[in-house]
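Contents: one structure, followed by commentary.
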Amino acid sequence: MIFLEQRIKEYKNNCGEDFRGILNKKCKLTGDELLEIENLAHLAHLHKNKLLSGALSTEFEDKIKNIKTQLSIDDLIDLLISTY
């Protein structure tokens, strides 16, 4: 089982873009996984700064609670923000 923090580590270490915007060939994540991490990182940043409200905040919290991870929710949010 691959936990989100392992995919985030792969994202940070091997999935950068060069100056032309071309993804590093070492990246082992799929396009969907890349988008998921980027979207979660963006939402985590908004959540941490209390810019999410109502249904969006609830949806984000539900999404975070359902992620397979070994981290606490606060640690996961901090890790996501570090990728943003």
Side-chain angles (χ1 to χ4, degrees):
M1 176 186 315
I2 297 177
F3 293 106
L4 181 61
E5 57 267 22
Q6 292 167 319
R7 291 186 293 168
I8 291 172
K9 184 178 178 183
E10 172 70 17
Y11 177 86
K12 289 169 95 174
N13 292 336
N14 296 322
C15 296
E17 296 176 348
D18 66 10
F19 67 94
R20 296 170 288 184
I22 297 174
L23 189 64
N24 188 335
K25 292 180 182 180
K26 294 179 183 178
C27 184
K28 296 176 185 169
L29 299 176
T30 66
D32 289 339
E33 289 173 323
L34 290 170
L35 287 174
E36 177 189 13
I37 291 170
E38 289 172 357
N39 288 334
L40 285 172
H42 179 72
L43 290 172
H45 181 72
L46 293 174
H47 178 76
K48 185 86 169 190
N49 290 312
K50 300 192 185 332
L51 297 173
L52 288 180
S53 62
L56 286 176
S57 181
T58 304
E59 182 181 332
F60 173 71
E61 289 169 2
D62 290 343
K63 192 180 284 190
I64 286 291
K65 288 176 186 173
N66 292 324
I67 291 176
K68 294 177 183 172
T69 182
Q70 295 176 326
L71 301 175
S72 70
I73 291 174
D74 290 335
D75 290 342
L76 179 59
I77 289 173
D78 289 339
L79 180 61
L80 284 165
I81 289 171
S82 74
T83 66
Y84 188 68

Within a strict 4.5 Å, meaning less than it, do heavy atoms of the Asp78 and Lys48 side chains meet?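 Result yes, sub-4.5 Å side-chain heavy-atom pair found.
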
Quick one: are Ile8 and Lys12 in side-chain contact, heavy atoms under 4.5 Å?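 In short, these two side chains touch, coming nearer than 4.5 Å.
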
If Ile, Leu, Val, Met, Phe, Trp and Tyr residues are connected whenever their side-chain heavy atoms lie under 4.5 Å apart, and connections chain through other members, are Ile77 and Phe3 in the same group?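 Each belongs to a different hydrophobic cluster.
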
Hey, quick one: are Ile81 and Leu56 part of the same hydrophobic cluster, counting side-chain heavy atoms closer than 4.5 Å, chains of contacts allowed?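 The answer is yes; both residues are in one hydrophobic cluster.
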
[X] and [Y]: which non-hydrogen atoms are nearest, and at how many Å?
| X | Y | value |
| --- | --- | --- |
| Leu80 | Ile37 | CD2-O, 4.3 Å |
| Phe60 | Leu40 | CE1-O, 4.0 Å |
| Leu29 | Arg7 | CD1-O, 3.6 Å |
| Cys27 | Leu34 | SG-CD2, 4.2 Å |
| Glu33 | Lys28 | OE1-O, 4.4 Å |

Can you find a side-chain donor-acceptor pair between Tyr11 and Glu38 that sits under 3.5 Å?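 Side-chain D/A pair, Tyr11 to Glu38: present.
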
Rounded to the nearest 0.5 Å, what separation is found between the [atom1] atom of [X] and the [atom2] atom of [Y]?
| X | Y | atom1 | atom2 | result |
| --- | --- | --- | --- | --- |
| Gln6 | Thr69 | CD | OG1 | 9.0 Å |
| Ile64 | Leu76 | CD1 | CG | 4.5 Å |
| Leu4 | Glu36 | CG | CD | 6.0 Å |
| Glu59 | Leu52 | CD | CG | 9.5 Å |

Could you list the donor-acceptor pairs under 3.5 angstrom formed by side chains in residues 15-25, with sequence neighbours left out?
residue	atom	partner	partner atom	Å
Asp18	OD1	Arg20	N	2.9
Asp18	OD1	Gly21	N	3.2
Asp18	OD1	Ile22	N	3.0
Asp18	OD2	Arg20	NE	3.4
Asp18	OD2	Arg20	NH2	2.9
Asn24	OD1	Lys26	N	2.9

